[in-house]
Amino acid sequence: MAGQSVLTPQSEDFPKWYQDVVAKAEMADNGPVRGTMVIRPYGYALWERMQSAIDARIKATGAQNAYFPLFIPESYFHKEAEHVEGFSPELAVVTHAGGEELTEPIVVRPTSETVIGEFMAKWIQSYRDLPLLLNQWANVVRWELRPRLFLRSSEFLWQEGHTAHVSAQDASNYATRIHLEVYNDFLTQVLALPTFLGIKPPSERFAGATNTMTCEGMMRDGKALQMATSHELGQNFAKAFDIYYQNEEGQSALCFTTSWGASTRLVGGLIMAHGDDQGLVLPPALAPTQVVIIAVRDDDQVTEACAALRTTLSAERPYRVVADSGRGSFGRRVTDWEIKGVPLRVEVGPRDLAQGLVSVVRRDTHEQFSVAIADVPALVGDLLETMQRDMFQSALVFRDARTSDVTSLDAAIDAAQDGFARVAWEHVGVDGEARIRTQAMTVRCLQRRDGSIPHNDLEAGLIAIIAKSY
RNA sequence: CGGGAAGUAGCGCAGCUUGGUUAGCGCGCCUGGUUUGGGACCAGGAGGCCGCGGGUUCGAAUCCCGCCUUCCCGACCA
């Protein structure tokens with residue numbers, strides 16, 4: 001019989017389920033300082049795969065990687081009024097170093113617009129230097145009052161892009177391109193996660209931005225998670241840091257800048273968007289291990305068959321395959337691989353083997369196939385592709401089932417208890433935002449009726465998506 | 001940062017009200033054996049500054065004070 005669940009069921013206590021998965025799948029631990037996180041090898045493997053998928057997409061848009069310092073002079077933050085106001089509550093500040101009190105405190109970067117702005121000003125001379133397209137992979141620190149592993153930690157890992165352009169239009173185009181071709185493409189194609197794309201209402205904008213675009217995903221408990229953001233910074237930072245260039249007419253002009261980021265929060269989103277009561281469920285495109293071959297018994301014939309199958313699968317096409325030798329009980333090993341979310345399980349046992357068969361099981365649907373050994377590579381290939389599509393599709397069905405179109409704020413509050421509510425932005429407004437906030441809800445994004453990204457919040461006929469969120 | 005709950009072996013917990021020699025249980029871990037088609041069983045074993053610091057006391061896991069950490073609910077955020 002199926003064993004009793006190892007994890008707290010989602011329906012019983014979703015936050016507890018999340019913690020159980022993080023612990024039992026060996027993804028992360030709390031660090032010794034409140035809010036810090038130790039990312040364990042399995043969690044880091046997921047992050048590394050996310051990094052390489054995102055990094056490749058970033059480079060395809062023309063940006064180059066660079067690295068800027070962790071320590072930033074405090075004075076930099078005061079150069080942009082909204083920026084300092086937005087970030088000061090979460091700054092970690094170094095006041096002592098080298099055994100002495102510092103004359104100017106040093107901020108541990110919460111984000112790098114300021115330092116990068118300083119150097120953009122230095123590097124940009126002419127319109128020929130533009131656009132300047134930079135990205136960095138780094139850790140940042142934002143002091144968190146209510147930390148949660150991956151979702152909200154005082155130190156987290158991310159990628160932050162920073163660009164400078166000759167015109168608002170060019171900056172806007174590029175930020176939008178990043179949003180669609182990097183973030184949305186990654187989320188839908190690799191993480192198999194449908195998104196709602198839109199812009200943040202002014203109240204939710206990044207501190208110092210003129211426009212913030214977001215990719216909002218829905219978790220299995222119906223709450224929203226902001227998976228990535230792109231900001232148009234207008235000339236706010238260009239003014240603060242003197243990012244000027246000389247145009248074709250020889251006149252000095254101010255740049256327009258952008259910034260955009262995605263963080264280790266994505267790992268939390270992955271867990272909560274696809275996970276079930278058995279643990280993680282990984283989309284094949286992301287999974288560090290796509291196929292686990294399980295020896296049902298620790299038996300020479302079985303072990304040989306497993307090894308042969310492993311060689312075939314990892315050689316023929318480079319599937320990521322692991323062989324699990326037959327030590328330990330079968331049920332236990334199956335459960336462990338399920339918790340880790342490995343997409344396909346190939347079970348090799350003496351009974352099937354006698355008939356030249358093995359059993360292949362899908363992690364997402366638990367569907368089981370009895371298949372001739374020779375047919376395994378083809379079936380595995382098909383199933384991995386099918387699962388990638390199916391996982392996106394079922395996440396989409398789930399999301400749409402929990403998304404309601406409503407015509408009043410009352411109905412929106414009702415619908416957003418455990419899902420998303422789509423309501424006309426004009427029914428919300430500043431007063432409406434204050435009201436839904438008392439229900440622990442926010443406007444996650446504004447989008448056009450057809451789901452596309454508006455240029456600004458003043459466009460007529462916009463839809464507000466209201467939800468509780470992480 | 002406010003309101004609530006809790007910190008005892010890697011994890012989950014009992015013991016605390018009513019202070020008293022070697023601090024228990026389940027799971028996990030180690031050794032040996034039997035097992036293995038959905039979290040196996042038997043036997044033996046290792047593992048504790050009882051969150052940290054101070055106080056009360058002949059004596060503190062237990063009573064008192066302070067701090068730290070975790071979880072839940074809010075305000076702030078990737």
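In the text below, chain A, chain B and the rest are named by the order of the sequence lines, each starting its count at 1.
Note on A:Arg146: a base of the nucleic acid sits closer than 4.0 angstrom, heavy atoms only. Among the heavy atoms of the strands lying under 4.0 Å from A:Pro350 is at least one base atom, whether or not backbone atoms are also near. Backbone-only contact: A:Gly35 has heavy atoms under 4.0 Å from sugar-phosphate atoms and none from a base. As judged by a 4.0 angstrom heavy-atom cut-off over every strand, A:Gly349 is placed among the base-contacting residues. A:Leu266 comes within contact range of no nucleotide atom at all, as no heavy-atom separation falls under 4.0 Å. Across all strands, A:Gly86 comes closer than 4.0 Å to no nucleic acid atom at all (heavy-atom distances). Among the atoms of the strands shown, none is found under 4.0 Å from any heavy atom of A:Thr229.
Considering only the side chain of A:Arg34, B:U70 comes nearest among B:G37, B:G38, B:U70. The listed nucleotides are B:G38, B:C77, B:C71; the one nearest the side chain of A:Gln19 is B:C71. The A:Glu144 side chain lies nearest to B:C76 when the options are B:G37, B:G38, B:C76. Here the side chain of A:Arg351 is nearest to one of B:A75, B:G37, B:C77, namely B:G37. Which of B:C76, B:A78, B:U36 sits closest to the side chain of A:Phe206 comes down to B:A78. Nearest to the side chain of A:Thr335, among B:A75, B:G38, B:A78, sits B:G38. Distance from the side chain of A:Asn30 is smallest to B:C71 among B:A78, B:A75, B:C71. Nearest nucleotide to the side chain of A:Phe330, out of B:A75, B:G38, B:C77: B:G38. Distances were taken from every side-chain heavy atom of A:Ser329 (C-beta onward) to each of B:C73, B:C72, B:A40; the shortest belongs to B:A40. Distances from the side chain of A:Arg345 to the nucleotides B:G38, B:U36, B:U70 place B:G38 closest.
Less than 6.0 angstrom separates the ring centroid of A:Phe237 from the ring centroid of A:His83.
No cation-pi contact links A:Arg152 to A:Tyr470, judged by a cut-off of 6.0 Å to the six-membered ring centre and 45° from its axis.
B:A43 and B:A6 have their P atoms separated by 37 Å, given to the nearest Å. Distance check on atom P: B:A5 versus B:A9 gives 23 Å, rounded to whole Å.
Put simply, NZ on A:Lys200 is 13 Å from P on B:C76, counting in whole angstrom units.
Side chains of A:Thr61 and A:Tyr174: a donor on one and an acceptor on the other come within 3.5 Å. The closest side-chain donor-acceptor pair between A:Arg444 and A:Thr442 falls under 3.5 angstrom.
Taking a pair to require two hydrogen-bonding distances under 3.5 Å in either a Watson-Crick or a G-U wobble arrangement, B:G7 pairs with B:C68. Nucleotide B:A43: paired with B:U31 (Watson-Crick or G-U wobble, both distances less than 3.5 Å).
Residues A:Asp457 and A:Arg205 are paired through a salt bridge, judged by an N-O separation under 4.0 Å between the basic side chain and the carboxylate.
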